[in-house]
**Student:** 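Questions regarding the structure given below will be posed in turn.
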Amino acid sequence: MTEEAAVRTEVAVRNILIVDDEPEVRRLCADVAAQTGLKPFAVPSAEEAVEHLEHSAVDILLTDLKLPGTSGADLLRRVHDLYPHVAVVVLTQFGTIDSAVELTRLGAIDYVTKPFRIEELRSRLERVVKAVELQEENHLLREQLRTRPGFGELVGTSEKMQRVYKLIEKVSQHDYPVLILGESGTGKELVARSIHFMGARKERPFVPVDCSALVATLIESELFGYVKGAFTGAMQAKRGLLEAAHGGTLFLDEIGDMPVDLQAKLLRAIQEHEIKPVGSTERRQINVRIIAATNRDLDAAVKAGTFRQDLYFRLNVVQVKLPPLRDRKRDIPLLVTSFLEKFSGPDASPRVISEDAMQRLIAYDWPGNVRELENAIERAVALGSGPFVHVADLPSNLQYPTTDRIPEKDELLPLEELERRAILRMLRETGGDKLAAARMLGIGKTTLYRKLKQYNVDPPEA
């Protein structure tokens, strides 16, 4: 058996809890469940089922509605509230449409009418197992597949981006690690997705991990998983993200923020192709491609002792460096057009950006890079009206940009220049609210409007 098949077999074994007060029904259901590849546990009451759920991992619950003491309906409600990941199948004597709707409302995903045929029960359980597998896969990928494969959201025709595209095409055909460097907001995750979905692993999971967003004490358990009882609150075993990405790609975003003590364990996992879950004494084989990204200077981090040199060398087999948006301003019009189409809605004609507004966008240096530009266009579309996006629709720091140089020490500036700078600064701080700016400057509204016109700073419409 191959390593991949072994992992699949291990993952496919799921626990089913059978709840019925008739011993013969429990035995029959357990036999059918075992034939389906499930590991069955059987109890005669809802109270015992609750106790089992509190101490053991359960993937599927098969329960009768009529139980002594606490009813099956009450058990369903409790499971729905406390164990939403458990797939519930109900045994019932009422197989009507109304009862099916009610059971669905209580959280059941299927039901079997008593008396049932063995083949019917086996078929339902097999269907539920597939539903559970699909639910787990969707849970991993729902928030991860936010962009199209390939070069989907990577927009730009500049020479620097063309070099990035060529490098993506080359490295996507291999399995060695890739290190993506670039400032925040340049699109490092989009590059990682493009490498994955253009390669041989495109049908397997792409699992991103934001190392900067995870609590330091939880990173190890998130990456490597843990066994039941490994620590307080570990009521059941959990697969780590490295194992969840088996056969596919693990994207370690902001790898520079990973604690040094965990870097050694990650290096071993990459080199040995195996992991050891927290609290376990056994190692599991994995087949994962590693793509890492950071906005930090890892060379400086290695010298400072905050990043392991051996891990740096292991990750830096191929390096993809993304240019900041200020170094590829010729791509801004294409990016703006793309975002206008994205945020205008499928049934509406895309907005058109005015020439003045486009000039403001091109002149700005974009410290937040493409992400900041995208947010600016989304805001402009949301707050603007009509077919055009004007300067007034842009964020205040773009409406009232500052290109003022810093005055030399003891340098005296003309009173008019000081006044102009004070007005522009107040407009930026008030988000473009002219009435609030006039009030804070201690001048009247009419005076502010006259000064704006005098300094040629987007005078308001009459």
**Student:** How far does CG of L325 sit from CD1 of I362, to the nearest 0.5 angstrom?
**Tutor:**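 The CG atom of L325 sits 10.5 Å away from the CD1 atom of I362.
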**Student:** Can you list every pair that meets salt bridge (charged side-chain N to carboxylate O under 4.0 Å, His left out) and has a residue in residues 287-299, with sequence neighbours left out?
**Tutor:**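 Counting only pairs at least two positions apart or across chains, the salt bridge (charged side-chain N to carboxylate O under 4.0 Å, His left out) contacts touching residues 287-299 are D257-R296.
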**Student:** Using 30° and 60° as the class boundaries, would you call the ring planes of Y312 and F307 parallel, tilted or perpendicular?
**Tutor:**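 Rings of Y312 and F307: perpendicular, over 60°.
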**Student:** For the pair R124 (side chain) and Y111 (backbone), establish whether a donor and an acceptor sit closer than 3.5 Å, ignoring hydrogens and angles.
**Tutor:**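 At least one qualifying donor-acceptor pair exists.
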**Student:** Would you say I290 and L242 make side-chain contact, with heavy atoms under 4.5 Å?
**Tutor:**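 The answer is yes, as the side chains (C-beta and beyond) meet within the 4.5 Å cut-off.
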**Student:** Let me confirm one number: the OG-NZ distance from S280 to K228, rounded to the nearest 0.5 Å.
**Tutor:**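 If we round to the nearest 0.5 Å, S280:OG and K228:NZ are 15.0 Å apart.
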**Student:** Examine the side chains of N369 and T186 and answer whether a donor and an acceptor come within less than 3.5 Å of each other.
**Tutor:**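 Side-chain D/A pair, N369 to T186: absent.
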**Student:** Within the 4.5 Å heavy-atom criterion, are F206 and R201 side-chain neighbours or not?
**Tutor:**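 Of all side-chain heavy-atom pairs linking R201 with F206, none is under 4.5 Å.
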**Student:** With side-chain contact (heavy atoms from CB on, under 4.5 Å) as the criterion, how do V155 and V370 come out once you've worked through the C-alpha distance, each side chain's angles and the decisive distance to 0.1 Å?
**Tutor:** CA-CA 10 Å; V155 177; V370 179; over 6 Å; no
**Student:** Which heavy atom in S56 sits nearest to a heavy atom in Q236, and how many Å separate them?
**Tutor:**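 Distance-wise, the nearest heavy atoms are O-OE1, 4.5 Å.
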**Student:** Strictly distance-based, threshold 3.5 Å: is any side-chain N or O of H246 a donor or acceptor partner for the main-chain N or O of N287?
**Tutor:**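 The answer is yes, because a donor-acceptor pair under 3.5 Å joins these two groups.
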**Student:** Any donor and acceptor pair, going by atom type alone, linking the side chain of S172 with main-chain N or O of E169 inside 3.5 Å?
**Tutor:**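 Checking the backbone N and O of E169 against the side chain of S172, a donor-acceptor pair under 3.5 Å is found.
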**Student:** Whether K329 and D365 form a salt bridge (side-chain N of Lys/Arg under 4.0 Å from carboxylate O of Asp/Glu) is what I want to check.
**Tutor:**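 A salt bridge is present here (some side-chain N lies under 4.0 Å from a carboxylate O).
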**Student:** So, do P40 and L62 sit near enough that their side-chain heavy atoms are less than 4.5 Å apart?
**Tutor:**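 P40 does not reach L62 side chain to side chain.
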**Student:** Without swapping roles, check the side chain of R239 against the backbone of G225 for a donor-acceptor pair under 3.5 Å.
**Tutor:**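 Not a single qualifying donor-acceptor pair exists.
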**Student:** How long is the straight-line distance from CG of L190 back to CD1 of I168, given to the nearest 0.5 Å?
**Tutor:**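 That separation rounds to 9.0 Å.
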**Student:** Counting heavy atoms not belonging to E51, are there more than 12 under 6.0 Å from its CD?
**Tutor:**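 Result for CD/E51: open.
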**Student:** Looking at E282, I'd like to know if its CD atom is crowded, meaning that more than 12 non-hydrogen atoms belonging to other residues, nucleotides or ligands lie closer than 6.0 Å.
**Tutor:**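 Result for CD/E282: open.
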**Student:** Counting distance only, does the side-chain N/O of E48 pair as donor-acceptor with the main-chain N or O of V43 below 3.5 Å?
**Tutor:**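 Answer holds: no.
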**Student:** With distance as the sole test, does H390 use its side chain to make a donor-acceptor pair with the main-chain N or O of G384 at under 3.5 Å?
**Tutor:**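 Checking the backbone N and O of G384 against the side chain of H390, no donor-acceptor pair under 3.5 Å is found.
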**Student:** Any salt bridge linking R283 with E272? Criterion: basic side-chain nitrogen under 4.0 Å from a carboxylate oxygen.
**Tutor:**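 No, this pair does not count.
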**Student:** Quick one: are I275 and L223 in side-chain contact, heavy atoms under 4.5 Å?
**Tutor:**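 No, too far: nothing below the 4.5 Å cut-off.
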**Student:** Salt-bridged, R326 to E372, with N to O below 4.0 Å?
**Tutor:**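 No, no charged N to carboxylate O under 4.0 Å.
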**Student:** What's the spacing between L361 CG and L394 CG if we round to 0.5 Å?
**Tutor:**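 Going from CG on L361 over to CG on L394, the span is 5.5 Å.
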**Student:** What pair of heavy atoms forms the shortest contact from N15 to A57, and how long is it?
**Tutor:**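 So the two residues come closest at ND2-O, 3.0 Å.
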**Student:** Within the structure provided, determine whether E54 and Y83 are in side-chain contact (heavy-atom separation under 4.5 Å).
**Tutor:**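 Heavy-atom side-chain distance check passes, below 4.5 Å.
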**Student:** For a quick test of reading the model, state the closest non-hydrogen atom pair linking E254 to T294 and the distance between them.
**Tutor:**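 The answer is OE1-CA, 3.8 Å.
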**Student:** Quick one: does T63's side chain have a donor or acceptor within less than 3.5 Å of a partner on V90's backbone?
**Tutor:**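 Looks like no, no N/O pair under 3.5 Å.
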**Student:** Quick one, L383 and D393 - any side-chain contact, counting heavy atoms below 4.5 Å?
**Tutor:**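 No; the side chains remain at least 4.5 Å from each other.
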**Student:** CZ/R268 to CG/D310 distance, rounded to the nearest 0.5 angstrom?
**Tutor:**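 Going from the CZ atom of R268 to the CG atom of D310 covers 13.0 Å.
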**Student:** Between Y364 and W366, how do the two ring planes meet: parallel, tilted or perpendicular, split at 30° and 60°?
**Tutor:**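 Ring orientation of Y364 relative to W366: perpendicular.
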**Student:** Once rounded to the nearest 0.5 Å, what's the spacing between atom CG of L154 and atom OH of Y165?
**Tutor:**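 So the CG of L154 and the OH of Y165 are separated by 5.5 Å.
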**Student:** Would you sort out whether E222 and V209 count as a side-chain contact (heavy atoms from CB on, under 4.5 Å), showing the intermediate values?
**Tutor:** CA-CA 9 Å; E222 286 291 325; V209 184; over 6 Å; no
**Student:** Can R330 and T157 be said to form a side-chain contact (heavy atoms from CB on, under 4.5 Å), step by step?
**Tutor:** CA-CA 8 Å; R330 61 171 289 185; T157 58; 3.5 Å; yes
**Student:** T36 side chain to V32 main-chain N or O, any donor-acceptor pair under 3.5 Å?
**Tutor:**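 Yes, because the side chain of T36 sits within donor-acceptor range (under 3.5 Å) of the backbone of V32.
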**Student:** Are the side chains of V171 and H174 in touch, meaning some heavy atoms are under 4.5 Å apart?
**Tutor:**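 No, side chains not in contact.
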**Student:** At their closest point, which heavy atom of A49 faces which heavy atom of V19, and how far apart are they?
**Tutor:**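 Heavy-atom minimum between the residues: CB-CG2, 3.6 Å.
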**Student:** Is atom CZ of R78 surrounded by more than 12 heavy atoms (other residues, nucleotides or ligands) closer than 6.0 Å?
**Tutor:**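 Open.
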**Student:** Is it the case that over 12 heavy atoms from other parts of the model lie below 6.0 angstrom from the CD atom of E159?
**Tutor:**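 No, the 6.0 Å shell around CD holds no more than 12 heavy atoms from other groups.
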**Student:** Check the pair L38 / D59 against side-chain contact (heavy atoms from CB on, under 4.5 Å), numbers first and verdict last.
**Tutor:** CA-CA 10 Å; L38 296 166; D59 299 298; over 6 Å; no
**Student:** Main chain of G182, side chain of K188: is a donor-acceptor contact present, judged purely on distance under 3.5 Å?
**Tutor:**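 Flag set: sc K188 to bb G182 pair under 3.5 Å.
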**Student:** So which atom in A33 and which in I16 form the shortest heavy-atom distance, rounded to 0.1 Å?
**Tutor:**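 Looking at all heavy atoms of both residues, the closest pair is CB-CG2, 3.8 Å.
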**Student:** Using a 4.5 Å cut-off on heavy atoms from C-beta on, say whether the side chain of L266 contacts that of R314.
**Tutor:**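 Side-chain contact under 4.5 Å: no.
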**Student:** Indicate the atoms forming the closest heavy-atom contact of L398 with R360, along with that distance.
**Tutor:**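 Shortest heavy-atom separation between L398 and R360 comes out as O-NH1, 3.0 Å.
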